[in-house]
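Lettering follows sequence order; numbering is per chain, from 1. Heavy atoms only: backbone and side chains are in, while hydrogens, waters and symmetry mates are out. Remember, it's a predicted structure, so these values are computed and weren't measured experimentally.
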There are 4 protein chains.
Amino acid sequence: MHFGSDNQAGASEQIFSFLQQANQGIEAAYGDDQWTARAVQAIKDWFEYDAEVFLVSTGTAANSMALACLCDPWDSVLCHGQAHIINDELTAPEFFTGGARLIGLDTQQAKLTLQTVRETLELGAAHPPHNAVPKALSLTQINESGQVYSPEEVKAFSNLAHDHGLHVHMDGARFANALEALGCSPAELTWKAGVDVLCLGATKNGALAAEAVVFFNRTLARHFVQHRKRSGHLLSKGRWMGAQFCGWLADDHWRTLARQANQCAQSLANAIEAHPLTHLVWPVKANELFVRLPKSLIQQLRDDGAVFYEWPRNFVPESLIIEDDEDIVRMVTSFQTRQEDVEQFIALLNQHR
Amino acid sequence: MHFGSDNQAGASEQIFSFLQQANQGIEAAYGDDQWTARAVQAIKDWFEYDAEVFLVSTGTAANSMALACLCDPWDSVLCHGQAHIINDELTAPEFFTGGARLIGLDTQQAKLTLQTVRETLELGAAHPPHNAVPKALSLTQINESGQVYSPEEVKAFSNLAHDHGLHVHMDGARFANALEALGCSPAELTWKAGVDVLCLGATKNGALAAEAVVFFNRTLARHFVQHRKRSGHLLSKGRWMGAQFCGWLADDHWRTLARQANQCAQSLANAIEAHPLTHLVWPVKANELFVRLPKSLIQQLRDDGAVFYEWPRNFVPESLIIEDDEDIVRMVTSFQTRQEDVEQFIALLNQHR
Amino acid sequence: MHFGSDNQAGASEQIFSFLQQANQGIEAAYGDDQWTARAVQAIKDWFEYDAEVFLVSTGTAANSMALACLCDPWDSVLCHGQAHIINDELTAPEFFTGGARLIGLDTQQAKLTLQTVRETLELGAAHPPHNAVPKALSLTQINESGQVYSPEEVKAFSNLAHDHGLHVHMDGARFANALEALGCSPAELTWKAGVDVLCLGATKNGALAAEAVVFFNRTLARHFVQHRKRSGHLLSKGRWMGAQFCGWLADDHWRTLARQANQCAQSLANAIEAHPLTHLVWPVKANELFVRLPKSLIQQLRDDGAVFYEWPRNFVPESLIIEDDEDIVRMVTSFQTRQEDVEQFIALLNQHR
Amino acid sequence: MHFGSDNQAGASEQIFSFLQQANQGIEAAYGDDQWTARAVQAIKDWFEYDAEVFLVSTGTAANSMALACLCDPWDSVLCHGQAHIINDELTAPEFFTGGARLIGLDTQQAKLTLQTVRETLELGAAHPPHNAVPKALSLTQINESGQVYSPEEVKAFSNLAHDHGLHVHMDGARFANALEALGCSPAELTWKAGVDVLCLGATKNGALAAEAVVFFNRTLARHFVQHRKRSGHLLSKGRWMGAQFCGWLADDHWRTLARQANQCAQSLANAIEAHPLTHLVWPVKANELFVRLPKSLIQQLRDDGAVFYEWPRNFVPESLIIEDDEDIVRMVTSFQTRQEDVEQFIALLNQHR
C-alpha cells in the first residue's frame, strides 16, 4: 500500500523495453542520436506544434532552465505560495536564473486566482530599477494540491500575464495526469491556452528520468543549449532519454499510465469521502489526495502497512480549521498502484470507524 | 518644503570640512589610508566593541555583502514583507549571496512579530536538501514604516534567531535616527542585543555616501574583503569614505543631525494628528511619517509646493481601511529640514480644513 | 570502424542487466534507495576508504560540483591548458563555483609539469584581495592527450599543491582506463597519492550515465548535497544510477571493459607506428590515440568507413611541427570496439603506403 | 618622491571646488540630479557623440558592468595576459557577467598583437555548446605596461573583433593620459576607431572616485541600469559623482592634469635612459615607467625616500633577460607629482653611478 509518491515506482515495462532497444550499437553523442531526434519529433506531433524541444533528466533542471530562458537575473517570477519551484527545489531557480526572485502568492486557496495575480501586477514594481519586475507567471499541472487548471483558466492567466509583459511557464511534472483528468488535448492545455514553455514530466508517470522542456514561444529557447551544457545537463549518451520519451508516447502509453493512477486515486477518494473520520481537503482531480484525519487513525493505518506522508500544516489555508488531534496527509497513486492495494487500504479504513 | 527623502540633502558642513581636510597630500590606496583607519577606530569606540568594520559607499552594497557573509547560496533570509532589502534593492541580495532567497513575512503590522518569525521557523524547511533553510533574520532600524525596535525587542528576536541557527542582520540605514528616538547607546541596540552584523548608514544622516558594515560576530566577516573587491566596492581613494565617518562621529555630530530630523518629524506629526482630515498611519518614532489623507488635499499641498511621495496601497495591512478618495503619503525629514519648512507646511495644512 | 569517442557506445550487457533488476518494485526516492546505498558501499570498498560518495549523471556536473566544493567564487583553479574542464564544459565550472577562475597552464607538453605549477604558485597572487588565489589543482586521468600520471607523479603534484594550500581534484572520466594502464589499485592512484576528490566516470567505460564524486577529504564534501540539489542533479529515481555502478564494479567488470578498450588502442598504435605515413603524436597509454598523418590519407580512411575526429592544431605544442599537408586526428577505442574493427582499420591503413 | 600610483593623490582643487558647489541644497536622488545630467551631457559633448553614459565610483565596477553588458555567462573575453581585468580585479568580471571567462593572451610583448587575437579566434571555439565563445575583446588605454594603442591600431583590432562577432571594450582607467600622449581627440580614439564601450576613468587623473561607462554602441547599454542597481553601485546622492566629472571636463582640466603627469614621467624617463645602471623595460608613452635596475640601487633609492613598487617578474616576457641581481620596478606619476620630486629623484639617481 505505497502511496508515498509517484516517483518511487520504476519505469514501465514498455518504456524499459525501448531503453533496451536503444542500447544497441553506436550512436552520436550529446543528443545527436536518432532516439533523441525521434523523441523530439514525437513530442512535436503530440502537441501538433513545431515547438523547440529539449530533453533533461530532472524536473528541477527543466523548470529552472525554462525560467532562466524567461527571466533576467533582476526579474521576478510569480507562482503559488506552495509551488514546487519555490518549496521543493532548494534555490535552483535562483541558481539558474542568476538570481531572479520567486514570489509565492498567498491566495488562501489551493490554486492561483486571477485576482491575486492581477493585484500583484498592478501594485508592484512601480519604481524601476529599484523593484524587481515580474517577468514570468508559473502554473503547475496538476498543481501541488492536486488541482487542475482547465484550458479556459490557463487561457485567462496567460492573457493577464501577457498583457503585463510576463511569459507563462507551466510546470507539468504531472501533465499527463492533468490531461487525463481534463480530457483535453495536449495542444488545448498549452499553446492554444497561451503557455510559452511547458516542462513536461514523464518521470513521475512511468519513465526513469525523462523531462522535456517544450518551448511554444520559440524565441525564448534561444539560449537553452547553453544553459543545459553549462549546468552539466547535456548527457553524452542522449539515447537513453530519447528512448524513454519514445516509449512513453508510443500507442498513447502515457495515457494508460496516467489513467491507472487517476482511477486508483478516485477509488480512494470515494472511500475517504464516505468515511466519517476522514475528509478530503481538496477535491481529488487526478492522482493526489490530501486527507484530513485523526492522528490516531494515521498511526493505525501505518501500523497496518499503509505508506503516505504528512503534509505541512502551514500549507493549508487558515480558513480550514484543523483540530489538534488531526493532521493532514498526502497520498499519491501511480501507474504501479494496483487495484488490490487500493482495496486493501479501503478495507483497512473501514475497520476503523 | 522638501519631505521627499533624507537622501536628497547634501553633506553637512562638518562632514564636508573633514572631506576637505582629507583631500590633502598622498595617502595609501585601497583603504590603507589614515582616514579609513581613524574611522574604523572611531566606530569601534562608538560601539565599545572590537568589531570588524568595513566601509562601503551604498546601503544596498552594505546590506547585500553583509547577507553574503551570513548565508550560503542555498539558504534563505527572513525579513518583513516591506523590508528595503526585498523591495528596493532590485535583486542585489540574490546577486551577492549567489542566489539565497529573501522571504518577506506578512505580519499585517508595521513591524516583524516574534510569533510570525517563530511560526515560519517551526513550520518550514523540514526536508533538506529540498527546502531552503533560513540562515539570517534581518531587522531594519528605523524600519520601512518608520518604526523602531527597542533593545529588548531586538534581544528577543536575536534569541529566537540564534536558537534556530540564524544570524541576525540589522539594516541601519537610519540607525542614528533610531538611536536618537530610543535614547539608548549604540552598544545596547546592537551587540548587547545579539545583533551579529549591522549596516550602519551615514548617507541618509548627513554624509555624501558612507556606510559601515560592522561585524560584532567577527567570524562572519572572514570573506568580506573578497566580496567587496569583486563587487567593485573597494575604492582606491579610501580616504574620502573614512573622512566622512570621522566627521560624522566627531563631537556627536550624528546625534545633532538625527535630532534635527526627528524633531521636525515630531512637529509635523503633532499638526497632522490634530488635523481633522489627516491621520497618521503609524506612530511617528523618528524621521518618517506615513499619513492618510484625502486625494484632494494631497493635490492642494503639492500645488502649494510641498514635496512628498505616495506610498503603495499594498504596503498597508488590510486591517487599515482606506477610503477610495484617500491615499497614503510618506514624508521624510532630514538634518537639512528647516524649522520654517515645517511651519510653512503646518500653516498650509491648516488652511485646508 | 568507430573510433569517434567512447561515449558513443551504449551500456554493457552486464550493466544493463543490473538496470533491469533495479527497475522492479517500489524504492525510496532521491537517492535513499537500496541501489544507491549498495553502489556507495561498493565504491568505498573498491577504494579501501571510507570516502563521501555521491552519484551524478554527467562528468561536467561531477567536475563542476567537485570544484565548487573546493573553491570560493574568488579563487582560481590550475589545470592543463587542454583540460576538459577548461575546454569542453562551456563555463560550467564558473557557473557552479559562482565565478571562480580556471587557469589553463601552457606546458608545451602533453601533461602538467611540476615546474610550471610551481612557478605559477610562486609568482602569482601576491596582492590579495586584488588577485585570485589558486585553491585547487586539477589533474585528468587519463588526460586529454591520452597520457597517464603515475601514483608517484600524482603524489608529487599533491604535495606541491597541499604545500601551497591547494586541494587536489582528479577528473577521472577515464579513470578505469588509467588504472588498467598503470596496473595499480584505485587507492594507490587516489587517496594514497594525496587526491582530495575524484570524479570517477563510468559513462565512458560501459555505463549509460553514471559518475561518482568521491571525496577522500571528507570535510570538503559538506555542501555537496546542496550543490547537487540546486543544480537539478538529484534524481528522484536514484536506483538507476546506483544500479549502473553496482554492475560496473561487480566481478571487476570495469576492468574487463577498460582492458578491451586499451588493448584495441595498443593494436592500433602498433600499426600506426609501423606505418611510414602515420605518426603517434603522444605515446599511447590507454584508449586514446593522437595521430599525425597526411590530409589525403585522412580522407581515404574516411571514405573507407573509418570514423574519428580531427584535433585542433593549437592543442599541439609549437615544438611539434605539422606539415601543411598534414593534420592530427584523435581516435578513441571503447569496450564495444571489436577486434575485427581494429583489424579492418589496420588493413585499410596498410593499403595506403 | 611618491611614484607609487596615481590613485594615491587626492582630488584636484578644481574638482574639489565643484564638489563643494554641488553640495548645496536639495537634489533628486539616484542620479536624477542636475549634476549628473550636466556631467552626462559634458561627456557626450566631449566625445562628439550621443552615447549612453553612466557614472560609477570604481574602475572595477565600470569594467565589470561593461563586460556584463557585452557577454552572456557562457561567453569569453579576450584580453592581454597582464590586463587589469584579469590580474587586479579578483574575479569581479566573472561575478558581474555571471561566469563568463577571461582569456589572457600571452603575446610575449607589452601589447596585444593582431596576430595573437586572430589565431585565437580562428582556432578556438569550434564545437558549440562545448566551448566558450569569445564575445568581447578588451584593450586598455594606456595599458598595464604603460603603452598606448594608436587610433589606427584600435581600428584594426575593432575590425578584427567585429568581423568575428566580438564587441570591443576599452578599459580607459588612464584614458586622459593616453589622449595627451597621442594628441588625438576622444572621438578618434573611441567610436571612430570602432570601440563599443569605454570605461573612462577620472579617479586616477584628479578625481576622488569617478568613472564613466560610455556606450557608443547604445544597444549594448540596455541593461546597464539593472546591473548598476543590483550591484549596489547606484549612489543615492548622485550629485557628487556628477560634480567630479563636471569639474574634470571644465576648461580642459583633464588635459592639464594628464599633461603634468605625462611630462614628469618623460623627465624621469630621460634620466633613467641616460643612466648606466637603469634601463627602461618599455618605452615611456604616458605616466607609467617600468625600469630594470640593480636590487642594490632599488634599496638605495628607497632608503633615500623614493616610493615605487616592484613589478612581478612573470609580467615580463622571457625574451627580456633579467639578471639575478636585478629587479623591475614600476613608477607612476600623477597630476600631483611636483617638478621638485622629479628633480630630487634624478639627483639621487645620479649619485649612484
Side-chain angles (χ1 to χ4, degrees), chain A residues 2 4-13 15-16 19-20 22-30 33 56-65 89-96 98 203-204 207-209 211 225-241 307 334 336, chain C residues 2 4-13 15-16 19-20 22-30 33 56-65 89-96 98 203-204 207-209 211 225-241 307 334 336:
Chain A
H2 278 278
S5 183
D6 37 8
N7 59 23
Q8 299 179 345
S12 76
E13 270 180 49
I15 290 174
F16 204 85
L19 274 177
Q20 198 147 22
N23 194 45
Q24 308 310 313
I26 297 292
E27 288 284 348
Y30 298 116
D33 60 283
V56 295
S57 57
T58 73
T60 295
N63 283 329
S64 298
M65 278 190 250
E89 305 188 350
L90 199 53
T91 54
E94 286 89 343
F95 181 47
F96 281 82
T203 311
K204 286 188 161 82
L208 263 180
E211 311 279 317
V225 292
Q226 286 94 343
H227 284 294
R228 184 173 57 178
K229 176 66 191 176
R230 80 177 192 123
S231 61
H233 281 288
L234 179 58
L235 295 166
S236 57
K237 302 188 178 177
R239 62 173 90 178
W240 75 259
M241 214 132 60
V307 176
S334 81
Q336 272 195 344
Chain C
H2 277 278
S5 183
D6 35 9
N7 59 23
Q8 300 178 344
S12 76
E13 271 181 47
I15 290 173
F16 203 86
L19 273 176
Q20 198 147 20
N23 194 45
Q24 308 311 312
I26 297 292
E27 288 284 348
Y30 298 117
D33 60 284
V56 296
S57 58
T58 74
T60 294
N63 283 330
S64 297
M65 278 189 248
E89 306 188 349
L90 200 51
T91 53
E94 286 89 343
F95 181 47
F96 281 82
T203 311
K204 286 188 161 81
L208 263 181
E211 311 280 316
V225 292
Q226 285 95 343
H227 284 294
R228 183 173 57 178
K229 175 67 192 178
R230 82 178 191 123
S231 61
H233 281 287
L234 179 59
L235 295 166
S236 57
K237 302 188 178 177
R239 62 173 91 179
W240 75 260
M241 213 133 59
V307 176
S334 81
Q336 273 196 344

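- Ranked by heavy-atom pairs shorter than 4.5 Å toward chain C, the options A:Gly25, A:Gly4, A:Ser5 are led by A:Gly25.
- Between A:Trp240 and C:Leu208, the shortest heavy-atom contact is CB-CD1, 3.8 Å.
- A heavy-atom distance below 4.5 Å is not found between the side chains of A:Ser236 and C:Thr58.
- The line from CD of A:Gln336 to CD1 of C:Ile26 is 5.0 Å long, rounded to the nearest 0.5 Å.
- Contact check for C:Ser231 versus A:Ser231: no side-chain heavy atoms found under the 4.5 Å cut-off.
- Between A:Lys229 and C:Ala92 the shortest heavy-atom distance is O-CB, 4.5 Å.
- Of the two parts of A:Leu19, the backbone and the side chain both hold a non-hydrogen atom closer than 4.5 Å to a non-hydrogen atom of chain C.
- For A:Ser64, no part lies under 4.5 angstrom from a heavy atom of chain C.
- For a residue to count as touching a neighbouring chain, one of its non-hydrogen atoms must lie under 4.5 Å from one of that chain's; by this rule A:Gln20 touches chain C with backbone and side chain alike.
- The shortest distance between side-chain heavy atoms of C:His233 and A:His233 falls below 4.5 Å.
- Interface remark: A:Ala207 contributes backbone atoms only to the contact with chain C (heavy atom separation under 4.5 Å).
- In terms of heavy-atom pairs under 4.5 Å with chain C, the best-connected choice from A:Ala61, A:Ala29, A:Ala209, A:Ala9 is A:Ala9.
- Here the closest non-hydrogen pair linking C:Phe16 and A:Asn23 is CD1-ND2, 3.6 Å.
- Ring geometry for C:Phe96 against A:Phe95 counts as perpendicular: the plane angle is over 60°, on a 0 to 90° scale with 30° as the lower cut.
- Here the closest non-hydrogen pair linking A:Gln226 and C:Leu90 is O-CD2, 3.6 Å.
- For C:Glu94, no part sits under 4.5 Å from any heavy atom of chain A, backbone or side chain.
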Next item on the list: Check the pair A:Lys237 / C:Gln8 against side-chain contact (heavy atoms from CB on, under 4.5 Å), numbers first and verdict last.
Entry: CA-CA 7 Å; A:Lys237 302 188 178 177; C:Gln8 300 178 344; over 6 Å; no
